[in-house]
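So the structure is just underneath, and the comments pick up after that.
In this text, all values refer to a predicted model and were calculated from it rather than measured experimentally.
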Amino acid sequence: MSFFKSKAKPPVAEKGGSPYLNGREEWLERYGSYISRAAQWRMAAFICLIITVVSITGNVIQASQVKTVPYIIEVDKLGNMGTVARADRASATPKRLIQAEIAKCISDWRTVTADVELQQKMIERLSFFMAGSAKGVLRQWYEANNPYEIAKSGKLVHVEIKGLPLPVSADSYRVEWVETVRSHAGVMLDSHSYEATVTIQVNPPTADAVLLRNPGGVYITALSAGKVVGANAPAMPANKE
């Protein structure tokens with residue numbers, strides 16, 4: 001038995017390095033390519049995400065900006081161009097609508113018919129267009145000229161508007177009409193020309209109920225009317241019995 005034991009030689013590291021470093025290099029050689037590819041995919045996915053966000057943002061901005069501007073062109077009977085207005089902007093109440101509403105109000109106001117239900121509807125419709133002092137003027141007129149009593153007395157009044165109401169200022173119009181009084185049998189009893197000056201105010205409707213009754217938002221705030229002196233309508237020949 002030998003009293004001396006041979007000492008084990010320490011393992012010699014390959015390539016003159018530490019075994020830990022060698023293991024790390026081997027791990028990197030085996031898994032490094034996977035890690036590198038994963039990092040590249042993450043970077044590519046991040047870039048695609050940025051491009052998608054930028055694209056969606058651009059589409060939203062582009063969609064919110066109208067490229068085509070629509071216009072409304074009014075053409076007369078001869079094909080001549082009249083009013084031109086943008087359709088994508090809220091415009092003021094058309095002048096023709098104001099004139100038509102004024103003419104309709106005058107007709108509803110002065111007409112006397114034997115149809116009680118129709119007479120009631122005309123008075124009710126007229127109330128939807130009245131405001132301010134015009135309400136008081138109509139109230140006094142109806143107190144002195146009750147259309148139901150006039151119809152019972154055997155008289156009917158037909159109103160014929162001579163033409164579209166003409167503007168005399170920015171908010172006032174003058175309208176002329178002819179009132180023909182007839183009996184229930186159709187015999188003409190009287191005929192006179194009248195004119196009125198009305199002051200209007202436009203308040204666009206904001207509720208559905210108001211929109212149905214007064215779509216243009218045209219309100220007559222002041223009203224004065226009278227008979228045109230020396231301009232009576234020509235008398236019609238009497239019916240031969």
If hydrophobic clusters are built from ILVMFWY residues whose side chains come within less than 4.5 Å, do [X] and [Y] share one?
X      : Y      : answer
Leu49  : Trp41  : no
Ile220 : Met122 : no
Val168 : Trp177 : no
Val159 : Leu156 : no
Phe129 : Ile161 : no

Any non-hydrogen side-chain atom of [X] less than 4.5 Å from a side-chain atom of [Y]?
X      : Y      : answer
Thr111 : Val157 : no
Asp171 : Gln201 : no
Glu101 : Ile200 : no
Lys95  : Tyr173 : yes
Asp108 : Phe128 : no
Ser224 : Val137 : no
Met130 : Leu138 : yes

- [ ] Assign the ring pair Trp141 / Trp109 to parallel, tilted or perpendicular, where the plane angle (0 to 90°) is split at 30° and 60°.
- [x] perpendicular

Open item on the list: side-chain contact (heavy atoms from CB on, under 4.5 Å) for Glu160 and Thr180? Distances and angles first, verdict last.
Closed with: CA-CA 8 Å; Glu160 181 181 357; Thr180 303; 5.7 Å; no

Determine whether a donor-acceptor pair (N or O, by modelled atom type, separation under 3.5 Å) exists between the side chain of [X] and the backbone of [Y].
X      : Y      : result
His184 : Ala151 : yes
Asp208 : Leu212 : no
Ser55  : Ile51  : no

If I compare all heavy atoms of [X] with all of [Y], which pair ends up nearest, and what's the gap?
X      : Y      : result
Ser193 : Lys162 : OG-NZ, 3.5 Å
Lys104 : Arg125 : CD-NE, 4.3 Å
Pro147 : Val112 : O-CG1, 3.5 Å
Ala103 : Pro165 : N-CG, 4.1 Å
Leu223 : Ala196 : CD1-CB, 4.2 Å
Leu126 : Cys105 : CD1-O, 3.5 Å

At what distance, to the nearest 0.5 angstrom, does [atom1] of [X] lie from [atom2] of [Y]?
X      : Y      : atom1 : atom2 : answer
Leu166 : Ile102 : CG    : CD1   : 10.0 Å
Lys121 : Thr113 : NZ    : OG1   : 12.0 Å
Arg213 : Glu124 : CZ    : CD    : 8.5 Å
Tyr219 : Asn203 : OH    : CG    : 6.5 Å
Glu179 : Ile106 : CD    : CD1   : 9.5 Å

Task: Working for side-chain contact (heavy atoms from CB on, under 4.5 Å), residues Glu117 and Gln120 - done: CA-CA 5 Å; Glu117 184 178 356; Gln120 184 178 359; 5.6 Å; no

- [ ] Go through the steps to decide whether His158 and Arg182 satisfy the test side-chain contact (heavy atoms from CB on, under 4.5 Å), and finish with yes or no.
- [x] CA-CA 8 Å; His158 172 72; Arg182 297 180 181 274; 5.6 Å; no

